[in-house]
Amino acid sequence: HAPTSSPLAAIKHAPEAARALIARRSTEPFVKSAAEKLRVLYIDETGAGHRAQANNVVRAAKKMGIDAEAVDFADTFLKKKRDGKEYRQAYLNYLSKKSIDSIPRLALAHLRYHGGVDPKKRARFLEENEDAALLLAHPHLEHQFRDLKRPVSVMHTDPVKWPLSFST
């Protein structure tokens, strides 16, 4: 086990892959650039776990001297804030009922939410963060960034693999 003062202790609940990456980085020599940045994007509407995992990674990265920030997807990219509220309500309704009747509402809210990205906001974010590593703390965000010519990583924070995920 890592000592409590290590970055590993700060993210003990993060996925195994993130812990392994930090462990490898702490033992391998590297030259850290002044522009080392990390942006961790999360969806808050489908559960606080995604936000918590994003914040855990950000805290650990900051301890390592990395300019890191957790970014709420809805606040940063959506045209209409109400799409986030509708998505959350539909998601909570689905979780409470777990019936087939709640699926169409959730599917429609999901499409509005992910289709409601403001292209100007997205372009401005990507321009302002062109030198930042992007880490997605929700698999549903993959399709929002699959067209980029730079690497985008996904931190899988759910206990099961989502169907139709773009990552392998």
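All values reported here derive from a predicted model rather than from experimental measurement. We count residues from 1, following the sequence as given.
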Flag side-chain contact, heavy atom, 4.5 Å: Leu38 against Leu134: no
Pair Asp67 + Arg39, salt bridge at N-O below 4.0 Å: yes
From Lys79 atom NZ to Lys121 atom NZ, the distance as rounded to the nearest 0.5 Å: 10.0 Å
Phe73 ring center within less than 6.0 Å of Tyr42 ring center: no
Whether over 12 other heavy atoms sit under 6.0 Å from Leu148 CG: yes
Expected output: side-chain Asn129 to main-chain Ala132 donor-acceptor under 3.5 Å: no
Euclidean distance, Lys120 NZ relative to Phe77 CZ, rounded to 0.5 Å: 16.0 Å
Steps toward side chain to side chain contact (heavy atoms under 4.5 Å, CB included) verdict (Leu41, Phe125): CA-CA 11 Å; Leu41 288 84; Phe125 173 84; 4.2 Å; yes
Minimum-distance pair of heavy atoms, taken over all atoms of Ala54 and Met155: N-CE, 4.1 Å
Charged N-O contact under 4.0 Å between Asp147 and Arg122: yes
Pairwise side-chain contact, Val117 with Gln144, heavy-atom cut-off 4.5 Å (strictly under): yes
Pairwise distance NZ(Lys37) to CD(Glu128) - rounded to 0.5 angstrom: 9.5 Å
